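Input: a single structure, listed below in structure tokens.
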Amino acid sequence: QTEGQTDEAIEAQVRVVALVPKDADAFRELAGLYLAVAAAKQQEAQAVQIRTAYQGAGQGFPGSLVAPEGQSLVDDKISSVLNAQSSTELQTLISEIQEASRQAVGAYKKIAALQPDDPNIQLELAQAAQQGNDIAAAIAAYTAFLKLAPDDPNAAIVKQQLKQLKQAQAASG
């Protein structure tokens with residue numbers, strides 16, 4: 001992990017949790033590795049978006065021929081290829097981000113099962129689930145956090161997050 005080999009670190013940590021399935025700290029380390037992968041992939045996706053914008057994909061050359069309706073009269077194949085490549089790369093990265101987030105949530109759920117009375121675990125699970133766009137898991141974990149620690153200094157923020165998540169859940173059906 002310290003050498004930037006996160007995938008190898010995950011493989012090793014998966015073996016650790018298989019050997020000690022009741023070690024919450026081992027699962028927490030695994031969840032952290034998955035979140036690190038998701039963050040790195042997010043940065044890659046942002047770099048692809050920036051690169052695409054600066055490559056001028058979809059931008060016409062100055063003085064290009066444009067019909068009165070605003071349509072380009074010249075087929076810009078370079079921009080089409082660049083846009084397709086970027087789109088494919090972004091979709092791959094998004095899938096990798098979602099998978100890493102899903103794995104992190106899974107690890108946090110195992111920690112929560114091992115330590116059901118720890119409000120901090122519920123908060124970490126909720127945040128990981130929210131980051132991974134798992135609204136139902138985030139709502140459940142935030143709710144559990146509030147039941148375990150109603151007077152926690154984070155309770156007001158958690159209540160706001162819960163309200164927003166419930167609104168998003170209702171809006172999505």
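Numbers here are sequence positions counted from 1. Remember, it's a predicted structure, so these values are computed and weren't measured experimentally.
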Smallest separation among heavy atoms of A107 and A31, with atom names: CB-CB, 3.7 Å

L148 CG to N120 CG distance, which is reported to the nearest 0.5 Å: 10.0 Å

Atom pair OG (S101) and CD (Q42), whose distance is rounded to the nearest 0.5 Å: 9.0 Å

Interatomic spacing from CD1 in I97 to CG in N133 - rounded to 0.5 Å: 11.5 Å

Co-membership, hydrophobic cluster, residues F145 and L114, 4.5 Å side-chain: no

More than 12 heavy atoms from other groups under 6.0 Å of CD on E3: no

Distance in Å, K110 NZ paired with Q115 CD, rounded so as to fall on 0.5 Å steps: 15.0 Å

For D152, all residues meeting side-chain hydrogen bond (donor to acceptor under 3.5 Å, both in side chains), sequence neighbours excluded: N154

Side chain to side chain, R102 and D134, heavy atoms closer than 4.5 Å: no

Note, Q13 side chain near I10 side chain (heavy atom, < 4.5 Å): no

hydrophobic_cluster_shared for V14 and F27, side chain cutoff 4.5 Å: yes

Shortest non-hydrogen contact between V48 and S86, atoms and distance: CG1-O, 4.0 Å

Heavy-atom side-chain proximity of T143 to L162 below 4.5 angstrom: yes

Beyond-backbone contact of I139 with Q169, side-chain heavy atoms, under 4.5 angstrom: yes

Single-linkage hydrophobic cluster L33~L35, side-chain heavy atoms < 4.5 angstrom: yes

Closest non-hydrogen atom pair, P21 against A18: CD-O, 3.8 Å

Pairwise side-chain contact, Q91 with I94, heavy-atom cut-off 4.5 Å (strictly under): yes

Least distance between heavy atoms, V16 atom then A26 atom: CG1-CB, 3.9 Å

Contact check, side chains of Q1 and E29, non-hydrogen atoms, under 4.5 Å: yes

Reported NZ-to-CD distance for the pair K147 and Q122, which is rounded to 0.5 angstrom: 10.5 Å

Donor-acceptor side-chain pairing of Q130 and Y142 below 3.5 angstrom: yes

Contacts of Q103 that satisfy side-chain hydrogen bond (donor to acceptor under 3.5 Å, both in side chains) - sequence neighbours left out: E99

Closest approach of A138 to A129 (non-hydrogen atoms, all atoms of both residues): N-CB, 3.5 Å

Non-hydrogen side-chain atoms of E96 and V37 separated by less than 4.5 Å: no

Atom pair CG (D7) and CD (E11), whose distance is rounded to the nearest 0.5 Å: 7.0 Å

Salt bridge (Lys or Arg N to Asp or Glu O under 4.0 Å) contacts in which one or both residues fall within residues 111-127, not counting sequence neighbours: R28-E124

Joint cluster assignment, I135 & L146, ILVMFWY side-chain distance < 4.5 Å: yes

pair Q131-V105: side-chain heavy atoms closer than 4.5 Å: no

Hydrophobic cluster identity match, I111 and V17, side-chain contacts under 4.5 Å: yes

